[in-house]
Amino acid sequence: MQINNFAQFVGYLESLAEQHKDIKHNRENVSHFTRLDTDELDNEIQNKVGFPVICLDRYSASLSGDSGNVTKKKGITIMILDHVPDQTDFDHIHQVWDKTEAIGDDFIAKIFDDMSKLVIPGIFDLDLSSVTMEPASNKSIGLYGTIITFNLNTKFCLTPPVGAFS
């Protein structure tokens with residue numbers, strides 16, 4: 001699977017959500033993956049998704065480098081969230097934070113491993129020093145978890161593809 005654009009990256013993340021033992025996206029026809037850019041999270045959380053859920057929150061790209069060696073740096077933010085029905089159960093909240101951070105560790109390690117083994121061509125660097133994780137909470141709907149932000153680097157070709165312009 002080549003990872004050069006947004007749709008390809010979403011497909012890759014969704015496949016990881018399907019494979020992860022604690023997520024199992026699409027098990028029993030329940031979604032455990034969503035994109036937050038759809039502005040449907042509140043509706044999806046209440047009606048469609050299962051927990052824990054992987055949410056792609058942000059995807060950005062910027063170019064850097066010199067002619068002949070240009071890098072397209074992708075900024076990624078994902079959230080791994082779980083539902084805590086009793087928001088006064090701090091032990092449960094802390095367990096969710098620990099569990100979702102561990103799942104985040106798994107995702108980062110898997111992305112790095114896939115990149116190293118060339119399973120995901122197009123990505124040549126996962127900047128491990130860019131990885132940040134922090135606890136997340138949305139008390140109004142009882143969601144707790146971990147926000148993970150990181151950068152991936154891909155090559156960028158300065159020559160437009162044949163047929164892109166008439």
Side-chain angles (χ1 to χ4, degrees), residues 1 3-62 72-116 119-120 122-123 125-154:
M1 171 186 294
I3 308 290
N4 282 329
N5 63 38
F6 176 73
Q8 291 164 338
F9 187 75
V10 168
Y12 173 68
L13 267 186
E14 196 165 1
S15 75
L16 294 184
E18 289 170 349
Q19 297 169 42
H20 194 277
K21 64 181 177 57
D22 290 328
I23 305 295
K24 293 293 186 198
H25 172 51
N26 283 331
R27 69 176 171 238
E28 300 172 7
N29 295 322
V30 176
S31 177
H32 290 260
F33 178 86
T34 189
R35 293 179 7 219
L36 295 185
D37 62 342
T38 60
D39 293 326
E40 296 175 359
L41 180 62
D42 288 344
N43 187 41
E44 283 190 22
I45 289 293
Q46 295 171 10
N47 297 317
K48 296 181 186 174
V49 303
F51 295 102
V53 62
I54 303 292
C55 306
L56 177 59
D57 183 34
R58 184 180 66 86
Y59 175 97
S60 64
S62 62
K72 188 173 189 179
K73 181 182 282 187
K74 299 173 188 287
I76 310 295
T77 301
I78 61 174
M79 292 192 298
I80 303 167
L81 301 172
D82 208 342
H83 186 255
V84 178
D86 180 359
Q87 293 165 35
T88 63
D89 187 348
F90 298 109
D91 288 336
H92 188 191
I93 292 168
H94 292 176
Q95 289 170 356
V96 165
W97 280 335
D98 289 343
K99 178 181 178 181
T100 57
E101 181 180 340
I103 293 169
D105 289 346
D106 295 345
F107 268 68
I108 294 298
K110 178 66 171 156
I111 293 168
F112 188 84
D113 188 54
D114 283 353
M115 178 205 66
S116 300
V119 173
I120 47 173
I123 296 176
D125 185 37
L126 166 57
D127 182 1
L128 291 175
S129 67
S130 76
V131 178
T132 60
M133 295 185 187
E134 59 185 295
S137 63
N138 183 331
K139 295 175 184 172
S140 66
I141 53 178
L143 296 181
Y144 296 84
T146 300
I147 299 171
I148 304 153
T149 303
F150 56 96
N151 294 320
L152 298 171
N153 293 322
T154 62

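For this chain, numbers begin at 1 and follow the sequence in order.
With hydrogens and angles ignored, the 3.5 Å screen pairs a side-chain donor or acceptor of Ser31 with a backbone N or O of Phe33. Looking only at distances, a side-chain donor or acceptor of Trp97 sits under 3.5 Å from a matching main-chain atom of Gly145.
Within the model, atoms CD1 of Ile93 and CD of Gln87 stand 6.5 Å from one another, a figure rounded to the nearest 0.5 Å. Rounding to the nearest 0.5 Å places CG of Asp57 at 10.0 Å from CD1 of Ile78. Lys74 NZ to Asp125 CG: the interatomic distance, rounded to the nearest 0.5 Å, is 13.5 Å. In this structure, Met133 CE and Phe150 CZ are separated by 9.0 Å, a value rounded to the nearest 0.5 Å. Expressed to the nearest 0.5 Å, how far CG of Asn151 lies from CD1 of Ile76 amounts to 8.0 Å. Annotation: the span from Thr146 atom OG1 to Ile103 atom CD1 amounts to 8.5 Å, rounded to 0.5 Å.
Contact record, Ala136 with Ile147: CB-CG1, 3.5 Å, taken as the closest heavy-atom pair. Contact detail for Lys72 and Ala61: the closest heavy-atom pair is CE-CB, 3.7 Å. Annotation for Pro52 and Ile23: closest pair CG-CD1, 3.8 Å, computed over non-hydrogen atoms. In terms of heavy-atom proximity, Leu81 sits nearest to Cys55 at CD1-SG, 3.9 Å. The minimum heavy-atom distance linking Tyr12 with Ile111 is given by the pair OH-CA, 3.5 Å. Contact between Asn5 and Tyr59 at its shortest, heavy atoms only, is C-OH, 3.4 Å.
Looking at heavy atoms from C-beta onward, Val96 lies in side-chain contact with Thr100 at the 4.5 angstrom threshold. Side-chain contact between Tyr144 and Asn138: absent, with no pair of heavy atoms (C-beta onward) separated by less than 4.5 Å. By the 4.5 Å heavy-atom criterion applied to side chains, Val53 and Thr34 are counted as neighbours. Counting only heavy atoms from C-beta outward, the side chains of His83 and Leu143 approach each other to under 4.5 Å.
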Give the C-alpha distance, both sets of side-chain angles, the deciding distance and a yes or no for side-chain contact (heavy atoms from CB on, under 4.5 Å) between Ile148 and Thr77. CA-CA 6 Å; Ile148 304 153; Thr77 301; over 6 Å; no
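For Phe112, the CZ atom is loosely surrounded, since the number of other residues' heavy atoms within 6.0 Å does not exceed 12.
Ring centroids of Phe107 and His20 are separated by less than 6.0 Å, placing the two rings close together.
Residue pairs that meet the salt bridge (Lys or Arg N to Asp or Glu O under 4.0 Å) test with at least one member in residues 91-113, sequence neighbours left out, are Lys110-Asp114, Asp113-Lys117.
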